[in-house]
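Notes for the one structure printed next.
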Amino acid sequence: MRRRAAMRCSATALVVVSTLLAGCGSSDRTTADAPAEPASTPSAAPSSEPPSPTPKGEPTMKPLSRFEDEAPVKVARKWAVAFATAVNDHDQELRAIAPLTTAEGLDRMVGYGAEDAGLFYPGPLPFTPVGVRAQGDSAEVPMCLWAEGFALDRKTKLPPKPRQIGEVALTLKKQGSAWRVDNLVADDVDCSRVDVKGRGW
């Protein structure tokens with residue numbers, strides 16, 4: 001997904017799957033560190049009751065930025081899911097993003113999506129917002145967008161281009177009480193120290 005003259009970086013962007021998975025930490029304590037059991041420890045009497053299942057909570061994912069609770073960022077996340085889903089479904093009209101965009105925004109995004117035709121997104125379009133600028137019925141979410149190297153070639157299962165992070169802003173307009181995506185434009189964002197992570201479906 002390229003932003004034409006304003007931003008020549010494609011939203012073909014999608015992630016190398018290996019960066020999607022975080023490593024699991026392990027305990028530094030070994031069995032040798034554990035205290036020895038006393039020799040006279042009595043064994044517990046067998047119970048006739050079946051053991052109750054141990055509740056397992058859902059893993060909590062760390063927020064991708066400190067702006068995730070901002071309304072424009074929430075819409076941007078939904079848009080990133082819908083955009084990638086539409087590309088994966090070969091939907092050249094990007095119907096999935098229509099409820100999240102202005103009419104003009106949908107026209108622009110259809111052009112961006114055409115550049116991603118034939119690719120497969122292993123997860124939502126990855127980005128890290130670095131702020132939110134809102135005034136009246138307009139808002140901007142400056143971000144570092146994983147613009148190349150995230151989307152995969154359907155045949156090779158590899159990204160057709162190397163990773164490239166775009167310094168952009170997603171612009172939104174408020175229609176009624178809802179924020180809607182209007183455009184994706186180049187922006188003066190310093191992404192040199194911003195961590196952009198991709199997440200799988």
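Position 1 is the first residue of the sequence, and the numbers go up from there.
- Contact annotation: the side chain of L145 approaches that of L184 to within less than 4.5 Å [non-hydrogen atoms, C-beta and beyond].
- With R180 contributing its side chain and K174 its backbone, the two residues share no donor-acceptor pair below 3.5 Å.
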Practice item. Could you go through the side chain to side chain contact (heavy atoms under 4.5 Å, CB included) check for E140 and T171 one step at a time? Key: CA-CA 4 Å; E140 291 184 350; T171 66; 4.0 Å; yes
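- Considering only heavy atoms from C-beta on, R77 comes within 4.5 Å of L64 through its side chain.
- A side-chain donor from one of D182 and T102 sits under 3.5 Å from a side-chain acceptor of the other.
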**Study point:** side chain to side chain contact (heavy atoms under 4.5 Å, CB included) evaluation trace for V189 with C144
**Key:** CA-CA 7 Å; V189 181; C144 299; 3.8 Å; yes
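- Counting only heavy atoms from C-beta outward, the side chains of V168 and V185 never approach each other to under 4.5 Å.
- Side-chain N or O atoms of R108 include none that pairs as donor or acceptor with a backbone N or O of A103 at under 3.5 Å.
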Practice item. Begin with the C-alpha distance, continue with both residues' side-chain angles, and end with the deciding distance and a verdict on side chain to side chain contact (heavy atoms under 4.5 Å, CB included) for W146 and L125. Key: CA-CA 7 Å; W146 194 337; L125 183 62; 5.9 Å; no
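- To the nearest 0.5 angstrom, D107 atom CG is 11.0 Å from N183 atom CG.
- Checked by atom type and distance alone, the side chain of D190 pairs as donor or acceptor with a backbone atom of S192 at under 3.5 Å.
- Counting heavy atoms from C-beta on, the side chains of P124 and W201 come closer than 4.5 Å.
- With values rounded to the nearest 0.5 angstrom, N88 atom CG is found 10.0 Å from D116 atom CG.
- Separating the CZ atom in R133 from the CD atom in Q135 is a distance of 11.5 Å, to the nearest 0.5 Å.
- Remark: T101 OG1 to W179 CH2 distance equals 15.0 Å, nearest 0.5 Å.
- Interatomic distance, S65 OG to D195 CG, rounded to the nearest 0.5 Å: 11.5 Å.
- Taking the side chain as every heavy atom from C-beta outward, L158 and L152 never approach each other to under 4.5 Å.
- Counting non-hydrogen atoms of neighbouring residues, nucleotides and ligands closer than 6.0 angstrom, the CZ atom of R66 reaches no more than 12 such neighbours.
- Distance check, rounded to the nearest 0.5 Å: NE2 of H90 to CG of L119 gives 10.5 Å.
- Within the 4.5 Å cutoff, no side-chain heavy atoms of I97 are placed close to those of V181.
- The closest side-chain heavy-atom distance from F127 to V194 is not below 4.5 Å.
- Within a 6.0 Å sphere centred on CD of E68, other residues, nucleotides and ligands contribute more than 12 heavy atoms.
- R163 places a side-chain heavy atom less than 4.5 Å from the side chain of V196.
- No donor-acceptor pair under 3.5 Å is formed between the side chain of D153 and the backbone N or O of K157.
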